[in-house]
Amino acid sequence: MDKPVRIALIPGDGVGSEVMAEALPCLDWARDRGRRIETERFPFGADHCLATGETLPDAAFLDLRDGFDAILFGAVGDPRLPDGRHAEAILLRLRQDLALTVNFRPCRSWGPGARLGLDLEVFRENTEGPYCLQGSTEPGRAVDLAVHTEPAVRRLLQAAFQRAGQRNRPLTLAHKANVLKHGHGLWMRVFEDLRSDHPGVSARGMHADALLCALVQDPAPFGIIAADNYLGDLISDLCAAFIGGMGVAPSLSWAPHRPFRCSVLAEPVHGSAPDIAGKGLANPVGMVLSTALLFRHLGWEPEASALETAVSRALASGAKTPDLGGTLSTQAMGLAIRDHLPH
Ligand code: NAD
Ligand code: IPM
Ligand code: MN
């Protein structure tokens with residue numbers, strides 16, 4: 001019998017717990033089909049931080065790192081903690097200290113509100129660039145340091161080239177090497193290097209500013225877009241707009257070199273959405289599709305595709321939350337999706 005997969009649940013803040021509540025029955029469904037899953041819920045987020053002063057204690061981090069295989073994450077961010085320090089200490093730390101270099105953000109046409117037949121995939125570097133949290137504020141001057149290292153850049157681009165080769169899709173690297181000569185110069189060198197290793201992949205670099213214009217005019221010719229942490233963050237939200245917005249965009253982050261037991265984290269692209277939190281208005285599709293990405297990563301292809309098909313069918317049947325022009329609550333949408341899962 002397979003060893004159970006241990007999944008840590010971190011709902012986080014705002015709509016994080018609302019959308020997480022619709023992913024949990026999907027885990028139960030996989031369990032009913034014979035997948036062995038153990039879960040444990042962690043309280044980290046704004047409420048916990050305000051009540052105890054704790055963000056992500058070291059002991060809990062080590063427990064997550066060494067005692068779990070995967071993390072299912074909702075979202076962090078709370079207006080009561082406006083400097084976002086708890087979000088850095090929780091989410092950015094998990095991404096960085098678990099070395100989850102590859103952030104995969106696929107944009108498919110899941111249903112209404114999406115461009116028909118769209119199939120774009122963003123590979124975002126997830127641990128470095130200006131998100132490395134090194135900088136300073138001095139009187140009249142502020143610095144955010146952007147650090148790029150060759151191992152992380154290579155891991156991210158390797159994953160993007162591999163995917164482009166497997167799926168026979170064109171690959172575009174978004175960069176600003178015309179200005180960011182050092183950091184993006186490194187990206188260009190590694191890109192050229194990998195391009196010669198993958199002669200079958202149609203790969204080009206493009207200045208990110210020109211890329212954004214071309215993307216908005218017509219996303220269809222783009223297959224896979226690779227980018228550093230900052231550009232990838234922006235590009236992936238733009239791409240979410242093509243498929244119906246923040247509520248439907250999934251993501252999966254992983255460490256291809258698997259330095260620790262816990263080497264994968266699934267989370268929707270959206271944040272804690274304080275403007276709609278606590279009202280049952282959040283769309284759970286991004287969270288449920290992130291769960292499907294996690295199933296696929298664990299080798300559970302039948303469950304992954306059944307979940308994706310259930311989302312498509314629910315949307316096609318007219319089930320929609322308000323962000324897509326419908327009237328269903330988060331819970332009702334979760335139920336509508338699960339109605340289309342095979343028993
Ligand atoms: P956001 O993604 O939370 O919200 C942007 C817009 O999208 C809002 O109008 C919101 O109502 C809408 N939206 C988001 N998720 C939705 C859903 N599931 N269904 C329907 N509509 C949805 O981005 P923001 O407003 O810029 O940030 C809010 C907070 O979240 C901030 O503290 C930010 O730092 C944090 N944040 C966290 C993550 C994360 O945890 N990965 C990602 C992005 C932002
Ligand atoms: C995302 C978010 C985060 C990021 C923030 C909340 C740190 O925008 O997951 O895309 O920029 O990575
Ligand atoms: Mn973002």
Side-chain angles (χ1 to χ4, degrees), residues 10-23 44-46 49 55-56 71-96 100-105 107 110 113 122-133 144 146 227-241 243-253 265-291 311 315 320-334 337:
I10 308 181
D13 302 331
V15 299
S17 52
E18 297 171 60
V19 295
M20 176 71 82
E22 302 315 311
F44 307 118
C49 180
T55 51
L56 173 59
I71 299 173
L72 201 55
F73 196 92
V76 275
D78 188 293
R80 293 169 297 169
L81 295 167
D83 67 2
R85 220 171 315 160
H86 77 297
E88 283 172 11
I90 299 168
L91 182 58
L92 294 192
R93 177 169 187 203
L94 287 171
R95 290 175 181 172
Q96 290 173 4
L100 304 173
T101 309
V102 180
N103 181 210
F104 173 61
R105 297 183 156 185
C107 285
W110 297 108
V122 178
F123 279 76
R124 169 193 183 190
E125 200 290 319
N126 209 25
T127 62
E128 302 190 333
Y131 293 60
C132 63
L133 307 177
D144 288 304
D228 79 353
N229 205 343
Y230 192 23
L231 291 176
D233 188 18
L234 306 182
I235 292 169
S236 54
D237 276 27
L238 179 88
C239 290
I243 59 165
M246 297 311 296
V248 298
S251 93
L252 190 76
S253 304
L265 181 150
E267 58 171 331
V269 171
H270 66 74
S272 57
D275 54 335
I276 58 166
K279 300 176 184 159
L281 295 171
N283 191 338
V285 163
M287 182 81 226
V288 169
L289 290 174
S290 303
T291 309
V311 166
L315 288 167
K320 281 183 289 191
T321 41
D323 55 313
L324 297 180
T327 55
L328 292 190
S329 68
T330 309
Q331 266 188 337
M333 187 65 204
I337 295 169

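Along the sequence shown, residues are numbered consecutively beginning with 1. First listed ligand is number 1; within each ligand, the first listed atom is number 1.
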**Prompt:** Would a 4.0 Å cut-off, counted as strictly less than, catch a protein heavy atom around atom 24 (P) of ligand 1?
**Reply:** no

**Asked** Is atom 2 (O) of ligand 1 less than 4.0 angstrom from some protein heavy atom?
**Response** yes

**Item:** Atoms of the protein (N/O/S only) found under 2.8 Å from the Mn ion (ligand 3)
**Value:** Asp233 OD1

Taking only heavy atoms of [X] into account, list the atoms of ligand 1 that are under 4.0 Å away from them.
| X | value |
| --- | --- |
| Val269 | 42 (C) |
| Gly247 | 17 (C), 18 (N), 19 (N) |
| Ala282 | 18 (N), 19 (N) |
| Asp323 | 20 (C) |

**Prompt:** Under 3.5 Å, N or O to N or O, is Gly271 touching ligand 1 that way?
**Reply:** yes

**Message:** Tell me whether Ala273 has any N or O atom under 3.5 angstrom from an N or O of ligand 1.
**Reply:** yes

Indicate, as side chain, backbone, both or neither, the part of [X] found under 4.0 angstrom from ligand 1 when only non-hydrogen atoms are considered.
| X | answer |
| --- | --- |
| Asn283 | both |
| Val76 | both |
| Met287 | neither |
| Pro274 | side chain |

**Asked** For Asp78 and His86, does a side-chain donor sit closer than 3.5 Å to a side-chain acceptor?
**Response** no

List the closest protein heavy-atom neighbour of [atom]: residue, atom name, distance to the nearest 0.1 Å.
| atom | value |
| --- | --- |
| atom 39 (C) of ligand 1 | Leu91 CD2, 3.7 Å |
| atom 10 (C) of ligand 1 | Asp275 OD1, 3.4 Å |
| atom 29 (C) of ligand 1 | Ser272 OG, 3.3 Å |
| atom 22 (C) of ligand 1 | Ile276 CD1, 3.9 Å |

**Request:** Can you tell me which residues line ligand 2 if we count any heavy atom under 4.0 angstrom from one of its atoms, in chain and number order?
**Result:** Leu92, Arg95, Arg105, Arg124, Tyr131, Asp233

**Asked** Within 45° of the axis and under 6.0 Å from the centre of the six-membered ring of Tyr131, does NZ or CZ of Arg124 qualify?
**Response** yes

**Message:** Are Ile337 and Glu22 packed together at the side-chain level, in the sense that at least one heavy-atom pair is separated by less than 4.5 angstrom?
**Reply:** no

**Asked** Any side-chain heavy atom of Arg85 sitting closer than 4.5 Å to one from Thr55?
**Response** no

**Residue list, ring-ring contact (aromatic ring centres under 6.0 Å, His included) with Phe123, at least two apart or on another chain** = Phe104

Got a list of side-chain donor-acceptor pairs under 3.5 Å for residues 271-281, not counting sequence neighbours?
| unit_1 | atom_1 | unit_2 | atom_2 | d |
| --- | --- | --- | --- | --- |
| Ser272 | OG | Gly77 | O | 2.7 |
| Lys279 | NZ | Asp275 | O | 3.2 |

**Message:** Heavy atom to atom 5 (C) of ligand 1, shortest distance: which of Glu18, Met246, Met333 holds it?
**Reply:** Met246

